[in-house]
Amino acid sequence: MPRVDAYSKFERTIESFWDGRGLCNASRRYWDEQKRPKVEISLLEELLSRSMADGDTSRSGSLARALDMWIAEELRAAGFDENAVWPRLHAPRVLDPSVFRFINAMSPSVAELCCRDLPRFAGANANVLGAAYCKQVDVGLSSWMTGPEILISTKTMSSSFGKNLANRFEEAYGDAKNLKGRHPLCTLGFFFLVNASIAEEKNTFAKAVSMLEKLQAESDAYDVTCLLLVDMDDSKVTVSRENDKVPDMLSVENFFKKIIELTLLRASPESHERAKAKVVGS
């Protein structure tokens, strides 16, 4: 019986999404003619809506897990190793890709037994040692040979913006310094998904934009940050038209473009061949 965890419902949503379109995420074209990522916003809306329909809130963490699964799916679509990106589509959500290469070298019967027992020895969370403390990182790309190559922190906020905004950015700033301090060549990202009603509070919205811009202004903080506004109701989430007010440097397309380009630039020449081929073939 497949292992059920907090990500399982999103796994099923993702599989149904691609099955319904007769597509394979890993093989889809990822870049348009202008070298901008062709992100699948419809999938994000389905994942977030599934979370909201289940009664999840930003406090429960499930809304953020839906976002995490979508970001990881976009990194796989960009051509990165599906086993090196976490959270993985299937349990275990976090596992070094070399483990799968080792298992694939075994006989089919032994490999099947190993795959069946893997979830017992790996968790759903990735804890990364920084310069000062160990930090649970929401989305990433790593192997034991390279260490972390991508580390992305995600946050969601549905209300009480003025009350909670400063705390969120204080946390983000400290986490960035901590992770960059130990992993200076890792591509570090911060993705902030917020209820579009924040745009009605002009001063608060301006503060959010300013803080996100400042988080990527220093060489030892985030390489790129993102602000995505969504309209929320009790059972459905859609990407808001209010995103027209978000600067391009904080857009979803720019976020993935910079994450991918910087990671490929900093990687060894022989790594991530499929991701590089997708860029060339766009």
Side-chain angles (χ1 to χ4, degrees), residues 10 13-48 66-89 97 138-143 146 148-154 185-193 212-213 216 222-230 238-241 243-244 246-282:
F10 304 124
T13 299
I14 291 170
E15 290 177 330
S16 296
F17 181 89
W18 295 121
D19 287 345
R21 285 158 178 75
L23 296 174
C24 173
N25 177 54
S27 62
R28 68 182 169 101
R29 184 176 180 181
Y30 195 71
W31 301 92
D32 65 17
E33 290 75 11
Q34 287 73 45
K35 299 291 184 180
R36 298 276 287 185
K38 300 171 68 175
V39 295
E40 190 54 77
I41 293 296
S42 295
L43 176 57
L44 174 62
E45 291 176 333
E46 284 201 21
L47 289 167
L48 296 172
L67 175 61
D68 297 345
M69 286 289 274
W70 178 72
I71 293 174
E73 193 73 351
E74 287 298 315
L75 294 178
R76 287 187 282 268
F80 293 111
D81 185 347
E82 63 179 1
N83 291 318
V85 174
W86 77 76
R88 297 178 65 251
L89 182 57
D138 303 303
V139 184
L141 172 74
S142 184
S143 73
T146 64
E149 294 186 81
I150 296 175
L151 296 174
I152 298 173
S153 296
T154 61
L185 292 180
C186 176
T187 306
L188 214 61
F190 182 76
F191 197 111
F192 195 32
L193 184 141
L212 281 165
E213 290 174 338
Q216 58 178 306
Y222 292 100
D223 293 293
V224 59
T225 59
C226 179
L227 175 62
L228 181 63
L229 305 180
V230 293
T238 55
V239 171
S240 176
R241 294 181 179 179
N243 283 290
D244 291 342
V246 176
D248 183 68
M249 70 179 299
L250 301 180
S251 69
V252 172
E253 290 79 11
N254 185 67
F255 179 82
F256 283 106
K257 179 179 172 67
K258 288 198 67 175
I259 286 285
I260 295 164
E261 288 180 345
L262 286 173
T263 303
L264 295 180
L265 177 65
R266 293 165 176 171
S268 63
E270 64 275 6
S271 62
H272 307 309
E273 291 183 358
R274 193 155 59 92
K276 291 174 182 176
K278 283 205 167 192
V279 175
V280 173
S282 61

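The first residue of the sequence shown is numbered 1, and numbering continues consecutively from there.
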Results of side-chain hydrogen bond (donor to acceptor under 3.5 Å, both in side chains) for [X] - residues two or more places apart only:
X	answer
Ser143	Thr146
Arg36	Asp248
Glu261	Lys257
Glu82	none

[X]: side-chain contact (heavy atoms from CB on, under 4.5 Å) partners, not counting sequence neighbours:
X	value
Asp223	Lys180, Thr187, Leu188, Leu262, Arg266
Lys38	Arg29, Asp32
Arg241	none
Leu185	none

Ring geometry between Trp70 and Phe256 (parallel below 30°, tilted from 30 to 60°, perpendicular above 60°):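 Plane angle over 60°, so perpendicular.
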Residue pair Glu40, Phe17: steps toward the side chain to side chain contact (heavy atoms under 4.5 Å, CB included) verdict: CA-CA 11 Å; Glu40 190 54 77; Phe17 181 89; 3.6 Å; yes
With sequence neighbours excluded, residues passing salt bridge (charged side-chain N to carboxylate O under 4.0 Å, His left out) with Arg88: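 Arg88: no salt bridge (charged side-chain N to carboxylate O under 4.0 Å, His left out) contacts found.
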For Glu74, salt bridge (charged side-chain N to carboxylate O under 4.0 Å, His left out) partners two or more places apart: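 Partners of Glu74 under the salt bridge (charged side-chain N to carboxylate O under 4.0 Å, His left out) test: Arg28.
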Pairs involving residues 262-281, ordered by first then second residue, that meet ring-ring contact (aromatic ring centres under 6.0 Å, His included) (sequence neighbours left out):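 Sorted pair list: Phe80-His272.
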